[in-house]
Amino acid sequence: MRQSPAAVRGTSTAGGDRRNAVMLRLVGAGVMLTVMADTTATTLAVGVLRYTPAGAGMPLGDLVWLTSAAFIPIAALLATAGRWADLFGRRRVLAVGLVVFVLGGIATVTVDSWSYVLAARAVQGAGAAAMIPASLGLLLGELPESQRRGAIALWSSASGLGCLLMQAGGGWLAAAVGWRALFIPDVIMGVLLLIACVALPPGKRGGPRGLPDMLGAWLLAAGIAVIVLAISKAMAWGMDVLWLALAALALLGGALAQAKHHRLPAIDLALWRRPRFVWGWLATWCFGALSYGLLTVQPLYLLHLGYPMLEVAMWLTPTSVAVVLTSILAGRLVKRVGAYGLIYAGSLLCGGACVLVLTQAGPTVWGLIASVVVGMGVGALAPGTSVATTLAARPHQYASAVGAATMARMVGGAVGVSVVSVVIDHPFMPGPLSGLAGALAMCVGISVLIGAIALTKITRLRTDPGDVMIKVPRRMLLELRMTLATVAAEADALLPVETRTPPMVTPSNPSLDPPLDRVPRPRTAEPGPLAGTRGPAH
């Protein structure tokens with residue numbers, strides 16, 4: 001039996017949609033895997049340089065700039081890149097970001113001067129700033145609403161997989177080739193993702209067309225960059241960072257002023273008027289400080305004890321495995337416990353694990369258990385914060401929301417890395433591992449702050465008027481009203497004509513729409529031909 005041309009077209013369209021959905025998930029997860037592998041490579045490279053002749057003469061504050069050099073452009077450009085992705089097309093912005101990221105990675109591996117290495121890392125950060133919001137914005141914009149929470153969980157869990165792969169193979173690369181080899185896998189993944197972009201849909205454009213607010217974008221990027229610079233150099237420059245703070249406030253104020261008057265502003269002010277997004281943004285900022293602080297402390301702690309790089313990678317691998325598995329499980333639990341339930345559980349796990357490590361004198365079985373618990377906590381926090389921020393936005397704001405939320409995570413990460421490096425070099429706790437113990441104590445404090453934010457949101461949860469979920473109970477009430485009207489009409493059909501009530505809304509007569517407050521009065525029993533009978537059988 002031949003199929004009609006319409007049926008064939010419908011089948012091919014459905015197959016094409018499935019292929020697009022698979023490619024969107026693969027590319028979105030691949031972007032986060034690559035960016036997180038790059039971040040993990042940086043933290044491993046800092047540890048290698050700290051305890052090898054290549055960087056033994058440099059203070060930790062200068063070595064950490066290998067991380068900060070990428071964090072500054074990521075944090076500065078994320079919000080703007082997300083806004084541009086919504087305006088100009090998410091696939092286009094993703095492709096541009098991948099090109100810039102690959103070129104920066106090649107330069108990081110090949111250049112000789114330390115200042116050139118930092119410049120190359122800044123170029124990679126600029127590319128990552130375009131990749132992150134465009135990838136998730138494209139993923140959410142093309143998938144139906146019922147699949148978006150699962151897509152966010154996959155996108156978040158891919159970051160743990162990237163960390164796992166780099167920690168498992170990065171130790172061997174660093175030991176066999178050198179610290180620059182840690183950035184080679186990122187270049188290879190970037191090239192593969194750039195090729196895969198050809199098979200992606202272009203992505204929907206949101207909002208009006210026209211020239212964006214370039215001045216506001218530069219002001220916003222410069223303001224955030226100055227903030228991260230001030231945080232990173234707070235101890236080295238002393239009171240001079242106050243001038244940087246004032247300059248950052250002036251730049252951000254100028255960006256806000258531009259956003260109020262420009263037709264296509266660099267800052268989506270409507271997004272920041274949604275309380276759910278603001279709460280999620282705060283939790284994401286704290287999560288960035290905690291996660292990147294822990295990423296810096298773990299390898300430094302083990303290398304300080306004299307473990308070789310390969311054994312350090314083996315100790316760190318269980319943490320990443322726990323991140324991946326917990327993120328996958330959290331993607332299924334988020335519908336039951338909510339985003340802030342995951343955030344609260346993750347903060348408890350991370351804080352408790354840090355306290356457990358503080359009670360140990362060195363790497364023990366309890367320390368290994370604590371590292372697994374840390375991975376579980378991070379695995380719950382990553383999808384929890386992503387869902388809390390991203391789904392608080394409207395569909396045409398997805399890339400903007402991702403950019404602003406990831407910016408919060410990166411700025412928080414810059415704070416976490418800077419504070420950890422300062423505490424390690426200037427310890428305030430007694431003992432042989434006083435600096436590392438102080439850094440872990442700071443992580444405990446951040447975990448408590450995240451838990452307080454989540455608990456406050458859980459106990460004072462208010463319905464957002466713009467939330468899509470409000471439509472669900474309203475639709476159920478309308479369906480129930482229609483069902484009751486149909487039952488009443490069928491009951492009236494069994495009664496004599498003189499005792500029937502005025503007609504109500506039925507599927508066959510939708511034009512009659514009485515007010516909801518009109519409720520039929522109870523009838524009094526009257527003798528009639530139907531008395532004592534059950535009516536005709538249907």
Side-chain angles (χ1 to χ4, degrees), residues 33-74 101-102 104-125 127-128 159 162-190 232 291-317 319-320 410 413-414 416-418 420-421 424-425 436 439:
L33 185 150
T34 303
V35 172
M36 197 62 197
D38 178 73
T39 303
T40 307
T42 304
T43 57
L44 292 176
V46 170
V48 172
L49 289 170
R50 170 81 167 178
Y51 295 100
T52 56
M58 300 175 63
L60 182 60
D62 290 342
L63 292 176
V64 166
W65 268 98
L66 195 64
T67 302
S68 300
F71 274 6
I72 289 176
I74 291 177
F101 182 83
V102 169
I106 294 173
T108 302
V109 175
T110 56
V111 297
D112 294 328
S113 172
W114 179 251
S115 59
Y116 289 165
V117 169
L118 297 182
R121 291 293 297 151
V123 172
Q124 272 195 291
S159 63
C163 184
L164 169 63
L165 294 176
M166 181 53 66
Q167 287 177 344
W172 176 82
L173 281 174
V177 183
W179 67 271
R180 292 178 186 268
L182 293 169
F183 300 97
I184 295 177
D186 302 334
V187 176
I188 297 173
M189 281 296 300
S232 303
S291 60
Y292 286 110
L294 289 172
L295 272 176
T296 304
V297 169
Q298 283 182 303
L300 288 176
Y301 174 70
L302 295 169
L303 289 168
H304 179 79
L305 295 175
Y307 284 82
M309 195 63 208
L310 289 176
E311 294 187 20
V312 169
M314 292 177 61
W315 273 93
L316 296 178
T317 299
T319 303
S320 301
M410 291 301 174
V417 171
S418 300
V420 163
S421 62
I424 291 175
D425 279 345
L436 294 167

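- Closest of all the heavy-atom pairs between Ala439 and Val297 is CB-CG2, 3.7 Å.
- Shown here for Ala122 and Pro73, the closest heavy-atom pair between the two residues is O-CG, 3.2 Å.
- Partners of Asp38 according to the side chain to side chain donor-acceptor pair (under 3.5 Å) rule, which considers only residues two or more places apart in sequence or in another chain, are Arg121.
- The nearest pair of heavy atoms linking Ala45 to Trp179 is CB-CE3, 4.1 Å.
- Atom CG of Leu66 and atom CZ of Phe183 lie 5.0 Å apart (nearest 0.5 Å).
- Of all heavy-atom pairs between Ile74 and Ala128, the closest is CD1-CB, 3.9 Å.
- In this view, Thr39 satisfies the side chain to side chain donor-acceptor pair (under 3.5 Å) rule with no residue, not counting sequence neighbours.
- The residue from Leu173, Thr34, Leu165, Leu33 that alone fulfils the side-chain contact (heavy atoms from CB on, under 4.5 Å) condition with Pro185 is Leu173.
- Across all their heavy atoms, Val111 and Arg180 have their closest contact at O-NH1, 2.6 Å.
- The two residues Gly104 and Val123 have their closest heavy-atom pair at CA-CG1, 3.8 Å.
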For this session: Under the side chain to side chain contact (heavy atoms under 4.5 Å, CB included) rule, what do Tyr116 and Thr110 come out as? Steps first, then yes or no, please.
Result: CA-CA 10 Å; Tyr116 289 165; Thr110 56; over 6 Å; no
